[in-house]
Q: 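Please read through the structure below; I'll follow up with questions.
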Amino acid sequence: MRTSRRRAVIPLRALSLLLGMVLATILNGPPAATAAPATARQPGPGTDYATDDPFTSARTAWWRQDRFGMFIHFGAYSQLEGEYRRADGTVCRDAEWIKRNCQIPVDEYEDAAQDFNPASFDAEAIVKAAKDAGQRYIVITSKHHDGYAMWPTKQNGWNLRDHSSFDQRRDILAELKSAADAAGIKLGFYYSIWDWHDPDFADPATFPRYEKRMYAQLKELVDNYHPALLWFDGEWDADDPTNRWSAQDGERLQTYLHGLDPDLITNNRVGKRRVVDGDYGTPEQEIPDAPVDGQLWESCMTLNGHWGFAAYDQDWKSPTTLTRNLLDIASRGGNYLLNVGPDRLGRVPQPSVDRLREIGSWLRTSGQGRAVYGAGATGLVDEPSWGAVSRSGNRLYASVTSWPAAGQPLHLTAKAPFTVTGARVLGSGQRVGVAKAGDGFDLTPAGGPVGDIASVIELTVEPAPAAPQGRGQGLREEVFANETFTGPPAVTRTDPTVNHTWRFSGSPAADVPADHFGVRWTGYLQPRHSETYTLSAVSDDTARVWIDGRLVIDATTPHGPQVDKATVALRAGHRHAIRIEYTEQTGEAHMKLLWSSPGVPQQIVPRAQLYTP
Ligand code: FHN
């Protein structure tokens with residue numbers, strides 16, 4: 001049990017912190033107004049912050065392919081190892097929230113941080129643990145809510161370089177970046193917006209000073225370590241200290257980050273954890289029961305019950321549970337970010353390493369990882385009760401967790417016509433009988449399962465023939481400087497896709513104000529499959545969609561960012577008339593049109609399948 005030793009040098013402690021900040025100011029001057037670099041989009045009418053479709057863009061391709069990442073919660077809180085003994089002898093337990101939930105006085109917490117010496121932090125060993133697990137990206141806490149920076153930031157003295165007992169020649173983020181690069185693993189940083197330590201955070205009058213330091217810290221991280229991803233957190237409304245992070249703050253931050261690195265991926269907590277914020281949603285300690293509408297997503301979870309190290313928490317999840325979580329997540333098109341919490345010396349607990357290795361062993365056995373890496377949701381079949389089914393190209397991976405009794409079939413309910421031209425159990429030579437049965441297929445394996453975690457039946461499938469790729473250029477777009485579509489449009493042009501994130505400050509054209517405008521799109525939608533398609537409109541304020549003259553989405557009550565869906569039967573190669581009417585009243589403005597079908601994974605409706613009238 002670690003308790004923080006009180007020291008007679010508290011004035012020195014406070015002094016060292018103050019010195020750190022004064023030194024930072026002398027060396028760097030006051031936190032400069034971090035002007036957005038020239039390459040950033042300039043906020044204002046005519047700006048559209050949508051840069052691509054995260055579902056299909058080259059920028060997110062590695063993230064969608066890798067599927068499985070390692071989360072690392074490591075910070076000053078790790079020094080206490082989950083337990084704090086109060087002066088009265090009582091013990092309070094928590095992990096990364098221990099400062100707050102155990103009401104540790106600031107000076108005591110700063111003392112504990114001063115003792116922090118993660119001398120055993122071994123970046124190569126951590127990266128090896130991730131590789132052994134089959135985790136292909138790593139996200140480490142660079143700064144959690146306690147404000148303690150895990151790199152030598154110049155913005156204050158509250159960091160691992162200036163306020164610890166750690167070797168001042170070392171930089172663990174640089175070490176991790178180097179090891180991850182050498183191993184071909186992407187590295188991302190978690191960064192908490194909410195900051196319990198910075199004196200300027202809580203007061204709206206001084207928050208801009210905090211925000212400048214935050215921007216400067218993020219610039220340090222991007223410039224010095226080139227992360228592939230920033231994982232924001234601490235965006236929710238909170239007190240003590242007051243947190244009033246707003247969607248507008250998120251707009252500014254995303255614009256700034258895009259200017260620093262256009263390829264950067266961010267999660268939705270950069271804003272207010274909504275479908276229009278960042279590149280992907282972040283369900284936590286849970287798995288959505290179906291593909292998430294309108295946004296990529298990643299479930300983050302702990303291996304035991306805590307994110308940060310907690311010596312007393314030995315309630316570890318089993319490799320079977322963890323691997324099956326990964327299979328469920330991949331089959332619904334999501335990513336899995338599975339957490340480790342190193343101890344005060346920087347060592348990943350052995351029970352964590354052991355479980356991760358078990359997952360990796362399963363993934364590496366007989367190519368079973370094909371059910372995860374680059375695989376995703378399939379609309380071709382319903383999710384069965386006996387396991388999870390993911391799709392990669394013309395293969396379905398049925399990961400069976402409840403193997404049938406000898407001779408009994410596994411039923412797959414088909415949601416669109418397709419044929420099965422091959423079936424095999426990965427890691428076994430046994431035959432698999434495939435027979436059309438009722439609303440789908442019966443799969444009858446001749447032998448037993450190949451393991452306790454899951455056995456994968458790889459099906460080679462041939463969906464119904466698709467129409468050739470279209471040659472469309474997009475829809476006709478008419479922009480009105482009003483919400484009633486009256487008078488001549490201010491702008492008429494061809495819009496390649498309906499994929500717009502105008503946010504608060506942007507609009508479809510420089511001479512169209514950021515509020516009170518309307519957009520009408522007209523033309524034709526040409527599907528490649530004769531299937532039931534799901535159309536999803538992600539809109540703020542209102543949206544209506546007609547297909548072949550029928551109103552299928554009618555979201556006319558002004559709203560914040562939301563997803564409205566419709567299912568429509570479409571014919572391969574046929575040009576279905578489409579009309580969309582969107583209005584922006586005040587505030588944020590977003591309009592995206594996505595589709596999905598049994599044969600088409602969720603994506604922005606592509607240009608090639610859209611035609612002007
Ligand atoms: O408060 C944090 C928590 O400590 C942890 O970092 C998780 C991980 O996603 N995020 C917040 C809780 O939602």
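When a ligand or atom number is given, it counts from 1 through the structure's own listing order. For the numbers below, each heavy atom of this structure counts, side chains included, while hydrogens, waters and symmetry mates do not. Position 1 is the first residue of the sequence; numbering continues from there.
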Q: Would you say the side-chain atoms of Asp146 and Tyr109 include a donor-acceptor pair closer than 3.5 Å?
A: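 On atom types as modelled, these side chains qualify, holding a pair under 3.5 Å.
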
Q: Given His145, Arg269, His73, which has its nearest heavy atom closest to atom 5 (C) of ligand 1?
A: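 When every heavy atom of His145, Arg269, His73 is considered, His73 comes closest to atom 5 (C) of ligand 1.
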
Q: Could you tell me, atom by atom, which parts of ligand 1 come under 4.0 Å of a heavy atom of Trp97?
A: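 What qualifies from ligand 1 is 1 (O), 2 (C), 3 (C), 4 (O).
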
Q: Could you tell me whether Trp236 approaches ligand 1 through its side chain, its backbone, both or neither, with non-hydrogen atoms closer than 4.0 Å?
A: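 It is the side chain that touches ligand 1; the backbone stays farther off.
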
Q: Identify which one of Val276, Val275, Asn499, Asp53 satisfies the side chain to side chain contact (heavy atoms under 4.5 Å, CB included) criterion when paired with Lys592.
A: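 The side chain to side chain contact (heavy atoms under 4.5 Å, CB included) with Lys592 is passed solely by Asn499 among Val276, Val275, Asn499, Asp53.
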
Q: Could you check if a side-chain atom of Pro152 sits within less than 4.5 angstrom of a side-chain atom of Asp171, using non-hydrogen atoms only?
A: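 They are in side-chain contact.
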
Q: Contact between ligand 1 and Glu235 is defined here as a heavy atom of the residue under 4.0 Å from a ligand atom; is it met?
A: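 Flag not set, Glu235 not near ligand 1.
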
Q: Calculate, to the nearest 0.5 Å, the distance between atoms SG and CZ belonging to Cys102 and Arg85 respectively.
A: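 The distance works out to 12.5 Å.
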
Q: Quick one: which of Arg273, His144, Met301, Glu284 has a heavy atom closest to atom 7 (C) of ligand 1?
A: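 When every heavy atom of Arg273, His144, Met301, Glu284 is considered, Glu284 comes closest to atom 7 (C) of ligand 1.
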
Q: Under 4.0 Å from ligand 1, counting heavy atoms only, is it the side chain of Trp231, its backbone, both or neither?
A: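 Answer for Trp231: side chain.
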
Q: Are Arg274 and Gln562 close enough that a side-chain donor and a side-chain acceptor fall under 3.5 Å?
A: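 Distance-only check fails for Arg274 and Gln562.
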
Q: I'd like to know if the side chain of Ser390 reaches the main chain of Ala371, judged simply by a donor and an acceptor atom lying under 3.5 Å from each other, with no hydrogens or angles considered.
A: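 Pair found, side chain donor or acceptor close to backbone of Ala371.
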
Q: In the protein, which heavy atom is nearest to atom 11 (C) of ligand 1, and how far is it?
A: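 Answer, as residue, atom name and distance: Asp233 OD2, 2.9 Å.
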
Q: To check your reading of the model: name the closest protein heavy atom to atom 4 (O) of ligand 1, its residue, and the distance in Å.
A: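 Among all protein heavy atoms, the one nearest atom 4 (O) of ligand 1 is Glu96 OE2, 2.6 Å.
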
Q: Using a strict cut-off of 4.0 Å, indicate which atoms of ligand 1 neighbour a heavy atom of Cys300.
A: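 Those atoms are 9 (O).
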
Q: Near Tyr190, which atoms of ligand 1 are under 4.0 Å from a heavy atom of that residue?
A: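 With Tyr190 as reference, the close atoms of ligand 1 come out as 6 (O).
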
Q: Taking the side chain as every heavy atom from C-beta outward, state whether Leu173 and Ile140 have any atom pair closer than 4.5 Å.
A: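 Of all side-chain heavy-atom pairs linking Ile140 with Leu173, at least one is under 4.5 Å.
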
